[in-house]
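Only this structure's heavy atoms are used, side chains among them; waters, hydrogens and symmetry mates stay out. Each chain gets a letter, A, B and so on, in the order the sequences are listed, and its residues count up from 1.
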Amino acid sequence: MALRFFNSLTRRVEDFVPLTAGEARLYTCGPTVYNFAHIGNFRAYLFEDLLRRTLEYAGLRVIQVMNLTDVDDKTIRGARQAGVPLADYTRTYKEAFFEDLRTLAIEPAEHYPAATDHIPEMIALVRTLIDKGFANVADDGSVYFSIARFPRYGQLVNLRREQMRPTERVRSDEYVKDAAADFALWKAYSEEDGAVFWDSPWGRGRPGWHIECSAMSMRYLGRTFDIHTGGIDNMFPHHENEIAQSEAANGCRFVNYWLHCAHLMVDGEKMAKSAGNFYTLRDLIGRGGNGREIRWVLLGTHYRQPLNFSFQACRDAKAALQRLDDFVVRLREAQARSGPSDAAVAGLIADAESGFRAGLDDDLNISEALGALFNFVRDANRLLDAGGLVGEGATAALAALARIDRVLGVIEPGRQDDVPPGVAARARERQEARKARDFKRADAIREALRLDGWLIEDTPGGQRLKRL
RNA sequence: GGCGCGGUAGCCAAGUGGUAAGGCAGAGGUCUGCAAAACCUUCAUCCACCGGUUCGAAUCCGGUCCGCGCCUCCA
């Protein structure tokens, strides 16, 4: 079955046909490193991770670029307030960002270009746009893209200029522009920029926000590439502007498939730094959450649906993940037993993988994919109960789970809860007590261990210790 | 004013013309010394509301109500 994605450009689900067979070139809008990213931001990065892993699961080689916006109004303001050079200021948040990616088990992209490392490419692109007549140099040395010269402007968001509601920002705009909707490619130096500037043919200044994505995607992915993603709030103006710049400069199609994820909500409202209603990953971990639970919560809702974040969802995630972990533990134990497995095993495994795959292929329908996974868990558990899933059958089931988890990134089949010697000793003590049918003592030990964070489960094969 | 998204069980969430996946929580049961885990049974005669189309609609069409987003900071 072919991969299908909802393309924001056409507002339809379309079959994914890569430009180069067997390969997917992907540009994913990354963070502006002026602060810790919040989990709304991470919803987008997790959606992109799911996309990436799904492409890989489908057998495609992925070349992913995620930009780091390390020069813009907010980073400059932050650095000034902190009284440190821009690069020092942004380094902190770049490092935090990568640490958070690891916490969430997000697969690394092939390239993480920083805007400040690509100023020459941006200047070259701006120059091309001027040369081709799509941009104007203002008296102050700023350069603006003139949307009047690009008739297709507005295609992504269906906006018509005459129907736009003028906002405060536009009305108060002091820049010299032909039209209110024109946007800056290059911003002339102003005092507030402090030591942040680069020389350009138009004088000192810095790049506009949008130009970095056009310049860097071109450098790493080519003039035309397969997929561009971001949060829905980036559709306008950011992505619309990218299309205008890139297509005007290159005279060819910029991106074939645009995928946008919906917002993360909290208490029914969009989570945003500007609204102040946000949680960072660090906030949640401080409250006892862990990376894979948060990953599960943020991945569990289809990317085009608004996701209302709640602590209840985190608690539910813990239980669902425990079910998967326990299943893996049972399979590993069953693996050690020899004997024939039920004839149904191969079929169950095939159904699990094809169902999982079919869900993801259909515009990343994670709910359908997880439904297939949990059906497999139930059916396989039933066979495990009946002793019909052992040895090689269990090995095959574990292998299928591992393949599925290459996409999900949440199961921890390799996890060996290192049992501290003291805990192990007390567990042995309980075992002895049980053997002697001294259940009072056995239960006392079990309760004591529980309070220390360890759960003892008695199975036909002996005790099993689980970290709570 | 323009553009767009959504309203499915206690909570989360699929399903977009053929009679409601899955997860969490709950109830009863099997297993167990007791638990835990697992399994079984149960948990929406119904998909915001009102009309319409159809043999048949949560799914299509029209309307109403409610919630959310974008319209140059925003994932």
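- Remark: rC55(B) base-pairs with rG18(B); criterion is Watson-Crick or G-U wobble with both hydrogen-bond distances under 3.5 Å.
- Counting only distance, with no hydrogens or angles, the side chain of Asn290(A) and the backbone of Arg292(A) share a donor-acceptor pair below 3.5 Å.
- Comparing rA14(B), rG22(B), rC68(B) by their closest approach to the side chain of Ser367(A) singles out rA14(B).
- Residues Ala313(A) and Leu455(A) each lie close to RNA chain B; by heavy-atom proximity, the contact nearer the 5' end of the strand is made by Ala313(A).
- Picking from rG23(B), rC70(B), rC34(B) the nucleotide with the shortest atom distance to the side chain of Asp233(A) gives rC70(B).
- For Arg323(A), no side-chain nitrogen or oxygen approaches OP1 or OP2 of rA37(B) to under 4.0 Å.
- In this structure, the side chain of Ser246(A) engages the main chain of Glu242(A) through a donor-acceptor pair within 3.5 Å.
- The nearest whole Å value for the distance from the CG atom in Leu360(A) to the P atom in rA21(B) is 21 Å.
- At rC70(B), one or more side-chain N or O atoms of Lys270(A) fall inside 4.0 Å of OP1 or OP2 (strictly under the cut-off).
- Between Phe5(A) and Tyr257(A), the ring planes lie perpendicular to each other; the angle is over 60°, past the 30° to 60° tilted range.
- Base pairing analysis places rG62(B) opposite rC50(B); the two distances defining the Watson-Crick or G-U wobble pair are each below 3.5 Å.
- Straight-line distance between the P atoms of rG52(B) and rA57(B): roughly 12 Å, to the nearest whole Å.
- In this structure rC43(B) sits in no base pair that meets the Watson-Crick or G-U test at under 3.5 Å.
- Closest approach to the Phe236(A) side chain among rC70(B), rC24(B), rC68(B) is made by rC70(B) (side chain taken as heavy atoms from C-beta onward).
- Rounded to whole Å, the distance from OH on Tyr303(A) to P on rG6(B) is 12 Å.
- Distance, Ile445(A) CD1 to rG33(B) P: 18 Å, rounded to whole Å.
- Taking a pair to require two hydrogen-bonding distances under 3.5 Å in either a Watson-Crick or a G-U wobble arrangement, rG1(B) pairs with rC71(B).
- None of Arg25(A), Arg52(A), Glu110(A) except one satisfies the side chain to side chain donor-acceptor pair (under 3.5 Å) rule with Gln64(A); the exception is Arg52(A).
- Closest to the Arg446(A) side chain, of the nucleotides rC5(B), rC34(B), rC39(B), is rC34(B).
- Rounded to the nearest Å, the gap between the P atom of rG4(B) and that of rU8(B) is 23 Å.
- To the nearest angstrom, P of rA37(B) lies 12 Å from CZ of Arg330(A).
- Taking only distance into account, the side chain of Arg11(A) never meets the base of rG4(B) through a donor-acceptor pair shorter than 3.5 Å.
- By the 30° and 60° cut-offs, the orientation of the rings of Phe254(A) relative to Trp258(A) is tilted.
- Using a 4.0 Å heavy-atom criterion, one finds that Ile456(A) contacts the bases of the nucleic acid, with or without backbone contacts as well.
- Projected onto RNA chain B by closest heavy-atom contact, Arg430(A) and Gly231(A) fall at different nucleotides, the more 5' of which corresponds to Arg430(A).
- Residue Asp72(A) is classed as having no contact, given no heavy-atom separation below 4.0 Å to the nucleic acid.
- Contacts of Gly40(A) with the nucleic acid, taken as non-hydrogen atoms under 4.0 Å apart, include base atoms.
- With both ends at atom P, the span from rG62(B) to rC5(B) equals 13 Å, rounded to whole Å.
- Nucleic acid contact for His260(A): none, since no nucleic acid atom lies under 4.0 Å from a heavy atom of the residue.
- With a 6.0 Å radius and a threshold of 12 heavy atoms from other residues, nucleotides or ligands, Lys94(A) has its NZ atom above the threshold.
- The interatomic distance linking Leu264(A) (CG) with rC12(B) (P) rounds to 14 Å, in whole Å.
- rA9(B) sits 13 Å from rG22(B) when the C1' atoms are compared, rounded to a whole Å.
- The side chain of Gln305(A) sits closest to rA14(B) out of rC24(B), rA14(B), rC68(B).
- Residue-level contact check: Met235(A) touches neither bases nor backbone, having no heavy atom under 4.0 Å from any strand.
- Counting to the nearest Å, the P atom of rG22(B) and the CZ atom of Phe327(A) are 16 Å from each other.
- In this structure, Tyr220(A) has its ring center no closer than 6.0 Å to that of Tyr27(A).
- No close placement of the His210(A) and His239(A) rings is indicated, their centers lying 6.0 Å or farther apart.
- Minimum atom distance to the side chain of Gln312(A) is reached by rC11(B), of the listed rA37(B), rA35(B), rC11(B).
- Put simply, CG on Asn381(A) is 14 Å from C1' on rA36(B), counting in whole angstrom units.
- The CD1 atom of Ile232(A) sits 12 Å away from the P atom of rG69(B) (whole-angstrom rounding).
- For rC34(B), its base sits under 3.5 Å from the side chain of Asp458(A) at one donor and acceptor pair at least.
- Listed candidates were rC70(B), rC24(B), rC34(B). Nearest to the side chain of Asp443(A) is rC34(B).
- For Glu457(A), whose side chain is taken as the heavy atoms from C-beta onward, the closest listed nucleotide among rC70(B), rA36(B), rG33(B) is rA36(B).
- Of the candidate nucleotides rA14(B), rG23(B), rG33(B), rG23(B) has the atom lying nearest to any side-chain atom of Phe374(A).
- Look at the C1' atom in both rA20(B) and rA13(B): the space between them is 13 Å, to the nearest Å.
- The base-pairing partner of rU30(B), taking Watson-Crick or G-U wobble contacts with both distances under 3.5 Å, is rA38(B).
- A close approach under 4.0 Å does occur between a side-chain nitrogen or oxygen of Asn365(A) and OP1 or OP2 of rG15(B).
- Taking the P atoms as reference points, rG15(B) lies 28 Å from rC71(B), given to the whole Å.
- Straight-line distance between the P atoms of rU53(B) and rA58(B): roughly 16 Å, to the nearest whole Å.
- Other residues, nucleotides and ligands contribute more than 12 heavy atoms inside 6.0 Å of the CZ atom of Arg11(A).
- Contact annotation: Arg382(A) side-chain N/O to rC40(B) OP1/OP2 distance is under 4.0 Å.
- Nucleotides rG26(B) and rA44(B) place their C1' atoms 15 Å apart, quoted to the nearest Å.
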